[in-house]
Amino acid sequence: MHAGSAGTLADGRRRSDTALELLQAQRPSAWPRVLLDRAGRYDADGAFADAEAAGAWSVWREVMSTSPRAIIRIVSESRLRGRGGAGFPTGDKWRTCHNQTADQKYVVANGYEADPGALLDRTLMELDPHAVVEGVALAAYAVGATKAYVVVKSTYRTAVRRLENAIRGAEQAGYIGIDALGEGFDLQIELVELQGAAVLGEETTLLYALMGKKPLPEQRPPYPAVQGLWERPTVVNNVETLAAVPWIIANGSAAFAKIGAAESPGTTLVQLSGAVAHPGVVEVPLGTPLREIVEGVGGGVARGNLKALLVGGAPGGFLPADGLDIPLTFDALEAAGAGMGSGTILVVDDSACIVDVATLMTRFMNDEACGKTIPCRIGLKRLTEIGERFTSGLTRPTDLTVLRDLCADVRDSALCGHEYAATNPLLSGMRYFPQEFEDHIARGTCPAGVCRRLSVAAALA
Amino acid sequence: MTDLAIRTRRPAAPAAPTTAPDAVAERLLDTQSPQRPQVTPAFTIEVDGRQVTGHAGQTILEVCRDNGIEVPTLCFEPKLPGFGACRMCVVDVEGEEHPPISCSRSAEAGMVVQTQTPRLRQIRKTNLELIFSDHNAYCLPPCQNKCPSHIDIPGFLKANTEGNWHESARIFKRTIPFPSVLGRVCPAPCEEHCRRDEVEEAIAIRDSHRYAGDQVLKAQANGAPAPVPFELQRKSGKRVAVVGSGPAGMSAAYYLLIAGHDVTVFERDPAAGGMLRYGIPQYRLPKVEILEGEYEAVWQLGGKLVTNAALGRDFTLDDLQNQGFDAVCVAIGCYDTNKLGVPGEDADGVLDGLEYLKVATLGLPYPGHAGKRVVVIGGGFTSMDCSRTSVRQGAAEVTLVYRRDMKDMPAANEVHEMLEEGARAIFQAAPTRVLADDHDRVTGVEFQRMRLGAPDASGRRRPEPMPGTEFVIECDRVLLAIGQGPELDWVGRGAEGVTATKNKRLAADAVTFATGRRGVFGTGDVRIGASTVVQAVAEGRRAAYGIDAYLKGLDLDAIKTRQTLAEPQPEFLSIVPYADEVKEPRYRLTSMPADVRNKSYVEYEIPYTQRDAMAEAKRCLQCTCEAIGYCDLRRQGIEYGTTLKTLEPQNRGAYSFRSVTENRFTGANHDYIRDDSHAFILREPSRCIDCGRCANVCKEIVGAACYDFMRTGFDTLVTTPLDMSLNTTPCVSCGRCAETCPTGALMPKPRVLEKYDVDETRCILCGICVDACPYDALRCGPDFELTHDSRAEPMVDLMATSAIDRDSEVTFIRRERDWLVRAHESGRSLNAGVMLPVLPASIANGHGNGNGHGRGGHGQDGHGHDRHDHGGGAGGGRAHAR
Ligand SMILES: Cc1cc2nc3c(=O)[nH]c(=O)nc-3n(C[C@H](O)[C@H](O)[C@H](O)COP(=O)(O)OP(=O)(O)OC[C@H]3O[C@@H](n4cnc5c(N)ncnc54)[C@H](O)[C@@H]3O)c2cc1C
Ligand SMILES: Cc1cc2nc3c(=O)[nH]c(=O)nc-3n(C[C@H](O)[C@H](O)[C@H](O)COP(=O)(O)O)c2cc1C
Ligand code: SF4
Ligand code: SF4
Ligand code: SF4
Ligand code: SF4
Ligand code: FES
C-alpha cells in the first residue's frame, strides 16, 4: 500500500492521475459505500493479489456454482438501475439477453464517458478497475456471453492501464479465459479504446464503432439485448452499473435495495462542478436531496448566490435554486425536466445567464451530433441559432413559438437520446427562468449582464 | 428484412445423399435458396381504422405499402433495411408515447396504427421545413414561372455566359419567336421575382435576350439562317389562316409552321406588325432592323402574307373556310379606343391616341402638333408613347394625367425617362369634363383629385373621387389613351358560332383557344383585352398547340389537362435565401442623353457590349433543378404545404412572397460545389438531404462504398472521402446511387454524344472494354478479335431482354432437375463434373458415373458461355453471337 507516501493521495491515487478531488472529507460518514468501497484500499497499479486481498473477485467461485438465472434474480431484486443515464432496470436487460437463443452473445462495458466535463467513470475505473472487470464477468456469466468488451476513452491513460492490468490479472488467476476456474465457462474480455464525438457513448453508436463500422445510431427496438454486436444479443452497461454488481452479489440484494430511494436504490457517483465551493466527485446514495449534495458536500456556491443547477451534463436540465429539495433519483429528476445523464451537477451562480448557458449546451450538442437524422442535424442547429439570436438581441418575433414547437417536434421524431435530450437545456431554462428569456427577447436586456451584444443591439435600435 | 431471414434460418446440416432425383432437387431448393419462405405466418393489424394483413418479419411500412396505404419516406431504400435518417415515416402506434418510424419497426399482431394524424403531419412538415432551410437549390425558377410565355431563362442565360448566342436564341425561340422585339418592349415581369434580388438586384433578363437576339439578327443579315428551336415536322397538308399579324398572330403562325402546317397571314394594314409596327414608336423598336428582321424567321419557314385584307371588310370567316382553310386563327388585337365618358369629349382637338401614334410611327409629323400644349390622359403604354412622341414632335408642353399611382402603371419604368425628356406627369387625378371655346376647340380639361381606396380585382388600389378638388389644365390638344377593346363588328356576319364575352372580348377557351365555331380559334389581345406583347406571344404559341391538336384530329377537351401541365406549375418551396453570393451589381443599359433623344426617333437605349452581356448572364443563380418532376422531396414538400403561398397571389403583383420569411427555420445554410467530374453521374451536394440512401446502396449492394456520412453535426454531408470527385472513387458507374437518390443531388448525367476512335495499331485485344461496357455495345466477333458491328440496329433490345424469364435459384434447379430426369431416362452418360456446374458431386453421384467432380468449367471458356444454360435453352452466349 502506498497510502500517504509521496506523490500519492490519501485515497491511493497518484497525484499525476488526479482528475478531480474525491470529496472524502465533506462526505457524511453515514452514507454507505458501494462503488468506491475498496478505493484506496489497494494499489490499482499493483499486484493482483493485493486487489484480491481487498476483496476483488471474492464472490466469483461461489457465482460459478450458482445458476445464471439465480444471478439475474439477485440483480433484479436489488432493483439496480443503469447508471448510463436512462436508468433502465439492469436485471430486466440481462434477462432479455439471457432468454435469447444465439450462437454468441456479448457484454459491453460502456466506459466511454461521452460528456467531456464528466470524470466519474474515469474516477471509478482508475480507483477500482477490478470491480468493473468483475462486473463484466458477472454479466457475461449471467447472460451467457463468452466475449466482452470494455470500452474506454483513449485519453483516459491511467484507466486504460489499470483496466488492462486488472484483465490480465484475472486471466492469469484463471478467473476468466478458456474454461475459467475449470468450470467450463469461457470468457474473453477485451479492452477497446475509442475516441470521437460525444454521441459515441450512445449504445447503438458504440456498437457500430466496435464493429469497425461508421458509428451512427440505430433505431431501437430491436434493442442491443436482442440484436446487438454482429446482430447477436449484447448487454451494454455502464461501467458504474457493472461495478455495483459484485457488491450486490457479495452483500445480497436486500442490502443494496435498502440503500437510498426505493425506486432507485444504491449509490451513484456524482460530480460537482461550476461555481461550487468544493468541486469534485463523491459517491452518494440515490434519493439524497440535492441540497445535501450541493451544500453539504460541495459547500454551496463559492461566491454570490445560487441561481440554478444544471443536472446531467450538456444535455441536462436546469433546476431553479429551490430545486435543491429534489431528491437525486431518476424519476424525480426526469419529472423536473432534468435527468441523471452523465451524473454531473453544474452549479450556476447569479453571474451566469441561463439563456447563454443553455445556448452553449445546445450548440455543443449540435456539434457533437452524428448528423444522421434531419431533426438532429438541422433541428439542433436551428435551436442553437434561436438561442444565439436571444443572446445577441436579434430576436425574430416568432422565435419563442418556433423554439417550443421545434423542441416538441425534435423530441417526437428523435432517433437517439442525443437529439432528444439536447432540447433539455433550452426547455428547462424556459420552464424555470421564463423571466430571463422574456428579458432577452422583449426588453433586449440580459439581467446577468453576460450577453454584451444585447446592449449594443439595443443601443442601435 | 433479408438479413433477418438469413439470420434466423440456419443452413441445415448436410443430409446423406439420396438417389431419388426429386428429393435431390427439393433438398437443393431447401438448402440453397436464400429466399424467404414464400409463406410466412400472417396476422392482422389495424391501420387507419382498416384491418389489414401483415406477415411475420414485415415492418409496419411494408404492411402499409402492401395494402396500398401511403406513408411518406425519404431515406427508405426498398432493397435495404430501414435506416431511420429522415423521420418522415413516423406513425402512431397505440400505447406508445413517441411515434416510432414505420420503416424500422416490425409489425406485430394486433397493433393499432395511425399514419395521418395532425401531429404526425406536423412532425413531417417540420422535418421538411428543416430540410428546406438548408436546401440550397431551387426547383423552378421564379422568373420562368412569372414570364407569361415561360421562357427557359436560366437555360438561355447559361448559353449567354458562354457567348453562345445562337444556342441562346434557339432556347428562347422554343417559347418566344421574337427575342429582340421583346428585348425592347417587354415590361419584364420575369424580373420582378428574380431571386438575385435577394443578393442585390434582379438579373437584366430582358436586356440579356435582347443582346442575344440582336447577335442572331446580325448574323441573319449576313445570310445566316434564323435558328429554329425544334425539328421541323413533315408537311401536314393542312392550311391555316391567321388573321392579324401582331405578335399573337405571328407567334401562332411560327409554331404552326414548325408543326408542318401551311400558314397564310391576313393583315388589314399595308404591312405586318400590328401594334409593334403602328403602336410602338420607332425610338423604342426599330422597324426595319428588328421587327422585320425577326418576322423574317416566319417567312423563312414558308409563311405567306396577304396585306390590306380586313376580316369583316374584305372577307368573312365563311369565306376563309370555304377557300379550304382547315383552321382559322383570329388575332386581330384591340383597336377600339375607350371613351372618356365626360362632357365635351367630342370637342375639336380631342384625339384618339392610337390614331395619333399610327401616323407618328410612319415617321410623319402629326399635322399641327408642333407648338401645341398637349394633355395625355391614361397610364398605359399608349399614354407613355403619346407623351414621348408628342415631345419629339415639338409640342410646347406635354402633361400626362393618370388616375392611379405611378407604381400601378404597366410602363412605370418609362416614367422617369419621359420626365427627363421634358414631359410632366400628374397622378391620382381623373378628368371630369373637357373645356372648349365657342368654336368647339379644346381649351383645357378639368380634373378631380383621386384618393386610393381598397385594392380591386387587379390588386391595385381603387381610385375614388374627392369632390371639391377640381382643377383645370389649359391645353390645345387632348390625346386619349385610356385603353382599348377589340373591334368585334365582324362577329355575326359570316361568322356564325363565334361569340363575344360580357366584357366585349372574343370568346375563346383559355387552354385550347377554340371559339364557339368549329375550326376557328381566337388568341391575343382580341381574347384577353389589351395587354402586353409577351402575353400576346404566349397566347399565340399556346393557340398554335391547340390548333395543331385540332388539325391532328385530337379531342380538344381531352388534351386540356396535358396542355395545362405542359406549362410550369407555380408551386414554390420555401428554399433557402441566397445570402453568401458575392455581390455584383446589375449591368445596366445606358441611354442617350435626354436632350438628344427627345428630338430623335433613333433607338435611345445603348445596347450591351459582348462582355457586359456575358457578365450579366453570369450573375444568374441558375434557380433550376433537373430533378423537378421526379423529386420525392419536392412532392412531399408540396403535399405537406411547405410551399410559399405562391409568387402570384390572387391579385396580381400586389405582394411578393419571399422564401426568407416563409420558412420558420431560415438560418445558416451550406453551399456546396457541384461535382460533374463523373461521366455518368452528376452530383449536386447542395441538393443532398443526407438521407444516406446512396451510401447504403453503394456499400451494401454494389460493394463500392464510394460515399459515407462525413463530418459531424450540422456540417454532416453524405459525400465521398475528403470530398474528392466521384471520378476518383472506386465507382463502377452502375448508377444505382442516382437511381435511389430521392432528390436531384445525384442524377444520371445528360450525355453529350462524343465520337470514340479506336487506334487498332495499339489495341492489344485484351477485351477489357468488351467486359466493361454495360450496354453490350462492344463484343467479341466470330474470329475472337475486334470486328465492326453495325450500330444501326439495336443489338440489345432492352424490352425483349426484360421480357425473358430470368433464372431464379428455384427455376434453375427445377430445370436442372428436369434435365437430370430426362438425361437419366434416355440413358445418357452423365459426366457431372462437366455438365453440372453447381450440383455437388456427392449428389450428382447418385445418377451418373460419379467422377466426383463438383464444379464445372464456369468461366473457363469465357464470355458468357455458361454451360448450365444449354439445357434450358433460355439463350446462352452462343445464341447472341453471330
Ligand atoms: C402604343 C402602344 C404601345 C405599347 N407598348 C407596349 C410595350 O412596350 N410592351 C408591351 O409588352 N406591350 C405594349 N403594348 C401592348 C401590345 O402591343 C399588345 O398587347 C400586343 O401587340 C397585342 O398583340 P396582338 O397580336 O394580340 O394584337 P396586335 O398587335 O394589335 O395585332 C393585331 C393585328 O391584327 C390586325 N387587324 C385588326 N383588325 C383586323 C381585321 N379585322 N382584319 C385583319 N386584320 C386585322 C391589326 O392591323 C394588327 O396587325 C403597347 C400597345 C400600344 C397600343
Ligand atoms: C448521446 C448519448 C451518449 C451516451 N453516453 C454514454 C456514456 O458516455 N456512457 C454510458 O455509460 N452511457 C452512455 N449513454 C447511454 C448508453 O446509450 C446506454 O444506455 C448505457 O450505456 C447503458 O448502460 P446502463 O443500462 O448501465 O445505463 C449515452 C446515451 C446517449 C443517448
Ligand atoms: S432536389 Fe427536389 S426539392 Fe430540391 S430543387 Fe431539385 S426538385 Fe426541388
Ligand atoms: S437568378 Fe436567374 S434563374 Fe433565378 S430567378 Fe433570376 S434570372 Fe431566374
Ligand atoms: S455509380 Fe458509383 S458511386 Fe454510384 S452506386 Fe454505383 S459504384 Fe457507387
Ligand atoms: S445524394 Fe445520397 S444522401 Fe444525398 S439525397 Fe441523394 S441519396 Fe440521399
Ligand atoms: S426514417 Fe423511415 S423512411 Fe426515413
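Residue numbering restarts at 1 for every chain, and letters A, B, ... go by the order of the sequence lines. Remember, predicted model here, so these are calculated numbers, not experimental data.
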Exercise. Given B/Arg664, which of A/Asp405, A/Leu406, A/Thr401 fulfils the side-chain contact (heavy atoms from CB on, under 4.5 Å) condition?
Worked result: A/Asp405
Seminar exercise, completed: Among residues 101-108 of chain B, those lying within the under-4.5 Å heavy-atom range of chain A are B/Ile101, B/Ser104, B/Arg105
For this session: Heavy atoms only, distances under 4.5 angstrom: which of B/Val90, B/Ile131, B/Leu74 has the most pairs with chain A? Name it, please.
Result: B/Ile131
For this session: Give the intermediate values and the outcome of side chain to side chain contact (heavy atoms under 4.5 Å, CB included) for residues B/Asp134 and A/Arg382.
Result: CA-CA 10 Å; B/Asp134 188 24; A/Arg382 299 301 173 226; 3.9 Å; yes
Problem set entry | N/O donor-acceptor pair under 3.5 Å between B/Arg87 side chain and A/Ser413 backbone | yes
Problem set entry | Toward chain A, the part of B/Ala695 with a non-hydrogen atom under 4.5 Å | neither
Exercise. Side chain, backbone, both or neither: which part of B/Asp708 has a non-hydrogen atom closer than 4.5 Å to chain A?
Worked result: side chain
For this session: Among B/Leu717, B/Thr716, B/Ile689, B/Val718, single out the residue with the greatest number of heavy-atom pairs under 4.5 Å to chain A.
Result: B/Thr716
For this session: May I ask you to say whether B/Arg119 pairs ionically with A/Asp412, meaning some side-chain N is under 4.0 Å from a carboxylate O?
Result: yes
Exercise. Under the 6.0 Å and 45° cation-pi test, does A/Lys381 pair with B/Phe665?
Worked result: no
Exercise. For atom CD of A/Glu334, is the number of surrounding heavy atoms from other residues, nucleotides or ligands below 6.0 Å larger than 12?
Worked result: no
Exercise. Of the non-hydrogen atoms in B/Asn127 and A/Ile374, which two are nearest, and what is the gap between them?
Worked result: O-CG2, 3.7 Å
Exercise. Side chains of B/Arg124 and A/Asp409: closer than 4.5 Å at any heavy-atom pair?
Worked result: no
Exercise. With a 4.5 Å limit on heavy-atom distance, are the side chains of A/Glu368 and B/Thr712 in contact?
Worked result: no
Exercise. At a heavy-atom separation under 4.5 Å, does B/Leu120 approach chain A through its side chain, its backbone, both, or neither?
Worked result: neither
For this session: Under 4.5 Å, heavy atom to heavy atom: which of residues 199-214 of chain A reach chain B? Give them by number, or say none.
Result: A/Lys214
For this session: Please lay out, stage by stage, how B/Cys86 and A/Thr373 fare under the test side chain to side chain contact (heavy atoms under 4.5 Å, CB included).
Result: CA-CA 6 Å; B/Cys86 72; A/Thr373 72; over 6 Å; no
For this session: For the pair A/Lys372 (side chain) and B/Phe83 (backbone), establish whether a donor and an acceptor sit closer than 3.5 Å, ignoring hydrogens and angles.
Result: yes
Exercise. Which bit of A/Ala102 is near chain B, if near means a heavy-atom gap under 4.5 Å: side chain, backbone, both or neither?
Worked result: neither
For this session: Tell me, out of A/Val410, A/Leu216, A/Thr384, who's got the most heavy-atom pairs with chain B below 4.5 Å.
Result: A/Leu216
For this session: Kindly compute the distance separating CD1 (A/Ile378) from CG (B/Asp690), expressed to the nearest 0.5 Å.
Result: 7.5 Å
